[in-house]
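Report on the following structure.
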There are 2 protein chains.
Amino acid sequence: MDAANGTRALAHPTREEILLEGVLHALSDPVRLRMVRTLAASPERLSCSSFDLPVTKSTSTHHFRVLRESGVIRQEYRGTSKMNGLRRDDLDALFPGLLDSVLAAAARQERSP
Amino acid sequence: MDAANGTRALAHPTREEILLEGVLHALSDPVRLRMVRTLAASPERLSCSSFDLPVTKSTSTHHFRVLRESGVIRQEYRGTSKMNGLRRDDLDALFPGLLDSVLAAAARQERSP
DNA sequence: CCTATCGTACGACGCTCTTCGTATTTGGAT
DNA sequence: ATCCAAATACGAAGAGCGTCGTACGATAGG
């Protein structure tokens, strides 16, 4: 309503503030892991509503916030939508190989019920 | 008192029963992550009392159980002690690279206050 | 047998988490 | 201006988690 560029501010931890325990905790929830996998599979950033999740909107807002505050994703308003993107660069710099091995493990686990 | 080898039974998940979410959750607690790091640094298995932890014995029993039931460690009685070892083979087979990247990330994070 | 040691069981407390419904704000479209 | 779609805030219910103290069980050794 007032900002020059029309985007509201959104709190993100800096790269140095990202903690391993927080990232692991964020990824340990099935809904959030699914969100991260969806993001990782898309080259572009996605709006919140483009996810197909087994929870209500309230709950997914909560999970998006957990992911953002733990440093796993970056969120930015764009009009009425909010675009979400993985913080791949930061995560890879801080915890090399971690994100990829988690994504690979999730994909592998999904294939073998 | 009665078993031929003097060891009581202890429930462990099979390799197929180990879930990524459970492992991530187990590793997301600072105390448990410390336990795992200590185990990873030792070539031999360690008794519960050989850990130097900032919690009481009750609490560490609880954390050891979470690690065992999630499939991260293997526990076995030996006399009055209980020996603990990482399930490296199973974890590496299920989630290649995951454990190593978590351990490396934990070590890296510790070095940078 | 008695005792010391190692670990467990149980219950309790407070805190956090996941989930939801409803009311509200924000910004684009009509 | 009006309406609608996207997302948030707020509060609440219910479950789960981390922590502890104390009492208990199991084993080795005197």
Side-chain angles (χ1 to χ4, degrees), chain A residues 1-12 19 21-36 39 45-70 72-85, chain B residues 1-12 19 21-36 39 45-70 72-85:
Chain A
M1 181 201 266
D2 48 56
N5 54 5
T7 57
R8 290 154 277 173
L10 225 30
H12 290 79
L19 291 177
E21 291 88 339
V23 171
L24 292 177
H25 173 250
L27 297 177
S28 71
D29 181 272
V31 177
R32 289 194 292 261
L33 185 56
R34 182 164 160 178
M35 288 169 158
V36 169
L39 280 174
R45 298 193 300 179
L46 300 172
S47 71
C48 292
S49 57
S50 65
F51 290 77
D52 185 29
L53 297 170
V55 291
T56 66
K57 253 191 224 192
S58 284
T59 303
S60 73
T61 294
H62 161 71
H63 286 305
F64 276 119
R65 173 157 44 194
V66 172
L67 288 173
R68 186 186 75 238
E69 294 183 344
S70 65
V72 176
I73 68 172
R74 203 181 295 278
Q75 295 190 291
E76 186 185 345
Y77 282 104
R78 201 160 128 180
T80 66
S81 293
K82 193 151 75 170
M83 306 309 288
N84 304 275
Chain B
M1 177 204 268
D2 49 54
N5 53 6
T7 58
R8 289 156 276 174
L10 225 31
H12 290 79
L19 292 177
E21 292 88 339
V23 171
L24 293 176
H25 172 251
L27 297 177
S28 71
D29 181 271
V31 177
R32 290 194 292 260
L33 185 55
R34 181 163 161 179
M35 288 170 160
V36 169
L39 280 174
R45 297 194 299 179
L46 300 172
S47 71
C48 292
S49 57
S50 64
F51 289 77
D52 186 29
L53 298 170
V55 291
T56 65
K57 255 196 243 193
S58 284
T59 303
S60 73
T61 293
H62 162 70
H63 286 306
F64 276 120
R65 174 158 45 194
V66 172
L67 288 173
R68 185 186 76 238
E69 293 182 345
S70 66
V72 175
I73 67 172
R74 204 180 294 279
Q75 296 190 291
E76 187 185 345
Y77 282 103
R78 203 161 128 182
T80 66
S81 293
K82 192 151 77 169
M83 306 310 289
N84 303 275

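Every value quoted in this text rests on a predicted model; they were computed, and no experiment measured them. Every heavy atom of this structure was used, including side-chain atoms; hydrogens, water molecules and symmetry mates were not. Naming convention: chains lettered A, B, ... in sequence-line order (proteins, then strands); numbering from 1 in each chain.
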Just how far, in rounded Å, is [atom2] of [N] from [atom1] of [X]?
X     : N      : atom1 : atom2 : result
B/E21 : C/dT18 : CD    : P     : 13 Å
A/R32 : C/dT16 : CZ    : P     : 15 Å
B/L10 : C/dC6  : CG    : P     : 18 Å
B/E76 : C/dC6  : CD    : P     : 18 Å
A/M83 : C/dT26 : CE    : P     : 21 Å
B/Y77 : D/dG25 : OH    : P     : 14 Å
A/H25 : D/dG16 : NE2   : P     : 14 Å
A/F64 : D/dA9  : CZ    : P     : 14 Å

Item to check | Along DNA chain C (nearest heavy atom to each residue), the more 5'-positioned of A/D29 and B/N84 | outcome: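 Counting from the 5' end, the first nearest nucleotide belongs to B/N84.
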Item to check | Distance below 4.0 Å between B/R65 side-chain N/O and C/dA9 OP1 or OP2 | outcome: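 For C/dA9, OP1/OP2 do have a side-chain N/O of B/R65 under 4.0 Å.
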Result block: side-chain N/O donor-acceptor pairs under 3.5 angstrom for residues 24-33 of chain B, not counting sequence neighbours:
from	atom 1	to	atom 2	distance (Å)
B/S28	OG	B/H25	O	2.8
B/D29	OD1	B/V31	N	2.9
B/D29	OD1	B/R32	N	3.2
B/R32	NE	B/A26	O	2.8
B/R32	NH1	B/H63	ND1	3.1
B/R32	NH2	B/H25	O	3.4

Of all heavy-atom pairs between [X] and [Y], which one has the smallest distance, and what is that distance?
X     : Y     : value
B/Y77 : B/R8  : CD2-NH2, 3.2 Å
B/P54 : B/R34 : CD-NH1, 3.8 Å
B/M35 : B/F64 : CE-CE1, 3.8 Å
A/C48 : A/Q75 : SG-NE2, 4.2 Å

Next on the checklist: Using a 3.5 Å distance criterion without hydrogens, assess whether the side chain of A/S70 forms a donor-acceptor pair with backbone atoms of A/V66.
Outcome noted: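 Answer holds: yes.
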Using nucleotides 28-30 of chain C, report all nitrogen or oxygen pairs with the protein that are shorter than 3.5 Å.
none

Checklist entry - For DNA chain D, which residues in residues 52-63 of chain B have a heavy atom at a distance below 4.0 Å? => result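 The stretch gives B/V55, B/T56, B/S58, B/T59, B/H62, B/H63 as the residues lying under 4.0 Å from the strand, ordered by number.
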Checklist entry - Does any donor atom in the side chain of A/T56 or A/T59 lie under 3.5 Å from an acceptor atom in the other side chain? => result yes
Checklist entry - Side-chain donor-acceptor pair under 3.5 Å between A/S49 and A/S47, yes or no? => result yes
Checklist entry - Picking from D/dT27, D/dA7, C/dT18, which would you name as closest to the side chain of B/R8? => result D/dT27
Checklist outcome for this item: Here the gap from B/R74 atom CZ to B/H12 atom NE2, rounded to the nearest 0.5 Å, amounts to 6.0 Å
